[in-house]
Chemist: 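The structure follows.
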Amino acid sequence: MEIEEKNLQELQEKLILLYKFVSQEKLYEKFFFEDSNLVRPYKYKNKLIEELVDMDDSVDFLKTCIMEVEELKGTKRDEEISFIDILEEQDTEVLFRKYGLENLEDVQDLDLSDLLEYF
């Protein structure tokens, strides 16, 4: 399946926002619930996000997806790019404005249906 560069960029940006949200939620759960019998007392608005947060290796899965999209983009670089480089290239505040988000919590309101087409 051939994907336009514009769509690849949008896909990668949404994956980055998802990655940041899910990794934040995983840290939150680890800090507050790891050594207790308590479970997260709330559900997420978005079913995909709910599944990603519940998945054991979701952070690694999202990292892999982001790296694979970078590969698909085929951007010619003098040196190999790392995951951290990709994250640093994306200004979260710019992405918030682009997708109409106030903060990272609003990622739950992001239209992720286009992501599901590719997975």
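Owing to the predicted nature of the structure, the values given are computational and were not obtained by experimental measurement.
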Chemist: Distance from N7 atom CG to Q12 atom CD, nearest 0.5 Å?
Modeler: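 So the CG of N7 and the CD of Q12 are separated by 13.0 Å.
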Chemist: Under 4.5 Å between side-chain heavy atoms, counting indirect links through other Ile/Leu/Val/Met/Phe/Trp/Tyr residues: same cluster for L27 and V59 or not?
Modeler: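 No, L27 does not connect to V59 through the hydrophobic network.
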Chemist: Can you tell me how far the CG atom of D91 sits from the NZ atom of K98, to the nearest 0.5 Å?
Modeler: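 Here the interatomic distance stands at 12.0 Å.
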Chemist: Mind checking whether V22 and M55 have side chains closer than 4.5 Å, heavy atoms only?
Modeler: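 The answer is no, as the side chains (C-beta and beyond) never meet within the 4.5 Å cut-off.
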Chemist: With the side chain counted from C-beta on, respond yes when Q9 and E4 share a heavy-atom pair under 4.5 Å apart, and no when they do not.
Modeler: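 Side chain of Q9 against side chain of E4, heavy atoms only: no contact under 4.5 Å found.
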Chemist: Which heavy-atom pair separates Q90 from L95 by the least distance, and what is that distance?
Modeler: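 Reported closest heavy-atom pair: OE1-CD2, 3.7 Å.
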Chemist: Shortest non-hydrogen contact from S58 to K26?
Modeler: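 In this case the closest contact between S58 and K26 is OG-CE, 3.2 Å.
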Chemist: Test your reading of the model: is there a side-chain donor-acceptor pair from D54 to the backbone of E51, 3.5 Å cut-off?
Modeler: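 No.
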Chemist: Please name all residues satisfying ring pair (Phe, Tyr, Trp, His ring centres under 6.0 Å) with F83, sequence neighbours left out, ordered by chain then number.
Modeler: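 By the ring pair (Phe, Tyr, Trp, His ring centres under 6.0 Å) rule, F83 matches Y19.
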Chemist: Who pairs with K20 by side chain to side chain donor-acceptor pair (under 3.5 Å), at least two apart in sequence or on another chain?
Modeler: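 T92.
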Chemist: Determine whether V94 and L8 fall in the same hydrophobic cluster, where Ile, Leu, Val, Met, Phe, Trp and Tyr are linked whenever their side-chain heavy atoms lie under 4.5 Å apart.
Modeler: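 V94 does not cluster with L8.
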Chemist: Quick one: side chain to side chain contact (heavy atoms under 4.5 Å, CB included) partners of E102, sequence neighbours excluded?
Modeler: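 Residues passing side chain to side chain contact (heavy atoms under 4.5 Å, CB included) with E102: D106.
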Chemist: If you take all heavy atoms of D85 and E80, which pair is closest and at what distance?
Modeler: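 Closest pair (atom of D85, atom of E80, distance): OD2-O, 4.3 Å.
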Chemist: Minimum heavy-atom separation for K14 to L110, with atom names?
Modeler: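 Looking at all heavy atoms of both residues, the shortest contact is CG-CD2, 3.9 Å.
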Chemist: For T64, which residues count as a side chain to side chain donor-acceptor pair (under 3.5 Å) partner, sequence neighbours excluded?
Modeler: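 With sequence neighbours excluded, T64 shows a side chain to side chain donor-acceptor pair (under 3.5 Å) to no residue whatsoever.
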Chemist: Is the count of non-hydrogen atoms from other residues, nucleotides or ligands lying under 6.0 Å from D56 atom CG greater than 12?
Modeler: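 Check fails, neighbour count at 12 or below.
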Chemist: With rounding to the nearest 0.5 Å, note down the distance linking CG in L18 to CG in N46.
Modeler: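 One finds 7.5 Å between CG of L18 and CG of N46.
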Chemist: Excluding sequence neighbours, so at least two apart, what forms side chain to side chain donor-acceptor pair (under 3.5 Å) with D109?
Modeler: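 Residues passing side chain to side chain donor-acceptor pair (under 3.5 Å) with D109: K45.
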Chemist: Ignoring hydrogens and angles, tell me if any N or O in the side chain of E50 forms a donor-acceptor pair with the backbone of Y44 under 3.5 Å.
Modeler: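 The answer is yes, because a donor-acceptor pair under 3.5 Å joins these two groups.
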Chemist: Apply side chain to side chain contact (heavy atoms under 4.5 Å, CB included) to E71 and list each qualifying residue two or more places apart in sequence or on a separate chain.
Modeler: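 Per chain and number, E71 pairs via side chain to side chain contact (heavy atoms under 4.5 Å, CB included) with no residue.
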Chemist: Where do L17 and L101 land on the side-chain contact (heavy atoms from CB on, under 4.5 Å) test, with the steps shown first?
Modeler: CA-CA 10 Å; L17 289 169; L101 310 175; 4.0 Å; yes
Chemist: Yes or no on side-chain contact (heavy atoms from CB on, under 4.5 Å) for E25 and I49, after CA distance, side-chain angles and deciding distance?
Modeler: CA-CA 10 Å; E25 290 300 296; I49 290 175; over 6 Å; no
